[in-house]
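A note on names: the letters A, B, ... follow the listed sequences, proteins ahead of strands, and every chain is numbered from 1. In this text, all values refer to a predicted model and were calculated from it rather than measured experimentally.
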Number of protein chains: 2
Amino acid sequence: MNLKELSRRLGLSMTTVSRALNGYSDVSPRTRERVVSMARELGYAPNATARRLSSGRSETIGFVPQSLAAYYGNPYFADLLAGIGETLHAANFDLVLACVPEGEAPLDVCRKLVEGRRVDGLILDRTFTADPRVEYLAGRGFPFATLGRDRQAARHAFVDLDGERALEMATMRLLELGHREIAFIAADPRFNFVRERLAGYRRALARAGIVPRRELLRHDGFGEEAGARAARALMRLRPRPTALLCIEDLTAIGAMRALRGLGLRPGREVSVIGYNDIPLARVAEPPLSTIRMPIRDAGRRLAAMVLALLDGADPGELQEIWEPELILRESDGPPPDPAAAAEGAARIPLSAPPAAGRRGPRRPP
Amino acid sequence: MNLKELSRRLGLSMTTVSRALNGYSDVSPRTRERVVSMARELGYAPNATARRLSSGRSETIGFVPQSLAAYYGNPYFADLLAGIGETLHAANFDLVLACVPEGEAPLDVCRKLVEGRRVDGLILDRTFTADPRVEYLAGRGFPFATLGRDRQAARHAFVDLDGERALEMATMRLLELGHREIAFIAADPRFNFVRERLAGYRRALARAGIVPRRELLRHDGFGEEAGARAARALMRLRPRPTALLCIEDLTAIGAMRALRGLGLRPGREVSVIGYNDIPLARVAEPPLSTIRMPIRDAGRRLAAMVLALLDGADPGELQEIWEPELILRESDGPPPDPAAAAEGAARIPLSAPPAAGRRGPRRPP
DNA sequence: TTGTAAGCGTTATCAC
DNA sequence: GTGATAACGCTTACAA
């Protein structure tokens, strides 16, 4: 059953039927009613492909993850997609999920989608500071929105949590608790959000007059395993860090596991703070202090932004930096020996551990 | 740049250019080369929508999850999509992810996709025993494959782990360790996989001459929270179960957490076995014994099956039941008091706890 | 308010 | 080997 057949049966032209069905005003109520009820009766559904070709719109938005691998084992992916999907669904748009296969560049996937006119707009996540996907799309003026900023952010729509501020808050919290040896388990610094968070960490420390030793910063990656590995390495340092900031909750949960394995209680001997507030964070042991990221809402906004772009909105008006919220649970607390930490640790120089007796008191063995 | 313009520049007809580009044999090598190089030079990419309309194929496969909500917090979703996506990508098909909004039926989403001819085939997951999506699609002879069986499974392609066998193995393992009070934290029994696993549990128990008390079976749902809740309730039972089978790993991880909260060590006082072998299972505390589900491979197979269906394959030839593998880690072990468990517990009747002194010895308080 | 007809950019069917 | 030309099923000027 197609439009031609339906109009034939109604004794009307395709034009009139099409307009009746699409809610145009210049069709008589009686005709519309006849058309609609006959369409339902005959089970008519318009052919989306034909509509798309004719209208020049694909009614489809693509999502091109930086790497799906980054989401393996990561529970918040479904929530992001749900937010995007429900918004697109309401607008009768399809969501194409582009899975970038190992060894292929996300840029090539973007290209395929854009040049084949398979999508009207795109959503990107986990932007690199210099992101080839962004350069390409912004260069072409193609409608897109990103989760996270990058160096071209001024030119496109985005939603981002203020990661710099977030890590500043988390670091300040630890400083206020008396920590001085604060480590950061980060990830690949090509990710812009890694840099931002790092900047917040450094800023808070700098304000406290602390330059963190190089060894306190690690770029291990996402996921539990990476967090555990990093934590174990950090615990071998002397002086030993009394607090661990983690790039993501899974990292933090892995780190806490490693700590427990070493007989160190997270939140007591060593504080840990995560990022994202995944469902697991609330029920971790101990419940993880973290930064709340309303990922579902972010998905909704991203989809809405792309839709707005298609309606001619200005990308400059579609840039949102959300204020972070620090969720304090039980994985952070004062360092075990605040006096020693405050006195000794803060003056450790940037690179090598101090030569014996050269400066400052050493920690008790 | 479109086909017409490209052919004009080449001084060839659209027909020839189209055939040269699509690898037809009846075009001279010289012409093909000219066409291909000119196309690249001018950055020609065919309009997918036009191709789709003309060829009658949408080159798109849809994935309609039973409920995306079931995947919130569930880490294996990305892996499933990766498997589907990489296979489709290789075939130059798009993957449309249909997010079923709360309050809407997955069936309606299927309808929209099928009747609007937006997809050539579908993939479904978490089938109900009586699944409206399946009834609808099978009834129309639409190409689709499911992750999991249902009562119409004979009529369509599917991949499934043999859940009945899996739970039989898990239950037998516990019986061999000496457990007799074995609880099952299940989920909504409309899911066919819940029924299958339940059947395996019952079969193994029956073979050991055990009819489980009704209270030992719970239908709490997925996720950590549900698992924790169920475990706490089960631990209030007398006699107390010495082992917990869980419908999914997250459930099991939640259950283990609750046990620890009650001062019970998983793998010692109470054994726990999960299902799926998500990455978290390996690093849980203690490492979780579970059933391995190669979800990525399942995604790959499902996509390949739908593609095969489009090439005319017979659904009856595309039905795979995979043999489960029990992964033994540290969350299972003998019951704390095997003698008492073996003697007393097995004879508890099905429904109510025994009236005092009516039959069998009671457990020591 | 309704109808005619020209696209949309391909692929497919024929002739030549 | 190559080229007209007709679909594909819809939307949308424009005409009536």
Side-chain angles (χ1 to χ4, degrees), chain A residues 1-36 38-39 42-60 92-94 112-120 310, chain B residues 1-36 38-39 42-60 92-94 112-120 310:
Chain A
M1 178 55 51
N2 56 26
L3 192 62
K4 187 191 269 176
E5 175 66 12
L6 177 61
S7 10
R8 201 186 55 72
R9 298 236 202 164
L10 282 160
L12 290 168
S13 72
M14 286 167 58
T15 314
T16 304
V17 176
S18 170
R19 279 188 300 217
L21 257 16
N22 290 313
Y24 280 63
S25 57
D26 57 354
V27 68
S28 84
R30 242 192 96 253
T31 307
R32 160 162 297 127
E33 197 174 335
R34 267 187 68 216
V35 169
V36 168
M38 176 71 84
L42 297 178
Y44 169 76
N47 181 313
T49 307
R51 197 226 312 282
R52 289 166 185 182
L53 179 60
S54 181
S55 67
R57 284 168 274 116
S58 69
E59 304 171 327
T60 301
N92 202 31
F93 269 65
D94 283 345
K112 188 178 89 171
L113 259 21
V114 171
E115 288 164 18
R117 275 138 294 184
R118 296 154 104 110
V119 296
D120 294 331
L310 297 181
Chain B
M1 177 55 53
N2 57 23
L3 194 63
K4 186 189 270 177
E5 175 67 10
L6 177 62
S7 11
R8 201 186 55 73
R9 298 237 203 164
L10 281 159
L12 289 168
S13 72
M14 286 166 57
T15 313
T16 303
V17 175
S18 172
R19 278 188 300 215
L21 257 16
N22 290 313
Y24 280 63
S25 56
D26 57 352
V27 66
S28 84
R30 241 192 97 252
T31 306
R32 161 162 298 129
E33 198 174 335
R34 268 186 68 218
V35 170
V36 169
M38 176 72 83
L42 298 178
Y44 168 75
N47 180 313
T49 306
R51 197 228 305 289
R52 289 167 184 180
L53 179 60
S54 183
S55 68
R57 282 168 276 118
S58 70
E59 304 170 327
T60 301
N92 203 30
F93 270 65
D94 282 344
K112 189 178 90 170
L113 259 21
V114 170
E115 286 162 19
R117 272 138 298 186
R118 296 154 103 110
V119 296
D120 294 330
L310 297 182

Rounding to 0.5 Å, atoms CG (B/Asp94) and CZ (B/Arg118) come to a distance of 13.5 Å

Reading nucleotides 8-15 of chain C from 5' to 3' and marking B where a protein heavy atom lies under 4.0 Å of the base, S where only the sugar-phosphate is that close, and - otherwise, the string is BBBBBBB-

Mind running side chain to side chain contact (heavy atoms under 4.5 Å, CB included) on A/Leu6 and A/Leu21 for me, showing each step along the way?
-> CA-CA 11 Å; A/Leu6 177 61; A/Leu21 257 16; 4.1 Å; yes

Mind checking what makes side chain to side chain donor-acceptor pair (under 3.5 Å) contact with B/Glu115, not counting sequence neighbours?
-> B/Tyr136

A/Arg34 vs A/Leu12 side-chain heavy atoms within contact, under 4.5 Å = yes

Rounding to 0.5 Å, atoms CZ (B/Arg32) and OG (B/Ser25) come to a distance of 8.0 Å

In degrees rounded to 10°, what angle is found between the helical axes fit to the five outermost pairs at each end of the helix from C/dT1-D/dA16 to C/dC16-D/dG1?
-> 40°

Roughly how far, to the nearest 0.5 Å, is the OG1 atom of A/Thr60 from the CZ atom of A/Arg117?
-> 14.0 Å

Work out which heavy atom in B/Tyr44 is nearest to a heavy atom in B/Leu3; give both atom names and the distance.
-> CE1-N, 3.5 Å

With sequence neighbours left out, the residues meeting side chain to side chain donor-acceptor pair (under 3.5 Å) with B/Ser58 are B/Asp120

So the contacted stretch of DNA chain D, first to last nucleotide with an atom under 4.0 Å from a non-hydrogen atom of chain B, runs from D/dG1 to D/dG9

Salt bridge (charged side-chain N to carboxylate O under 4.0 Å, His left out) partners of residues 21-30 of chain B, not counting sequence neighbours, each pair once = B/Arg19-B/Asp26

Straight-line distance of B/Asn2 CG to B/Asn47 CG, nearest 0.5 Å = 8.5 Å

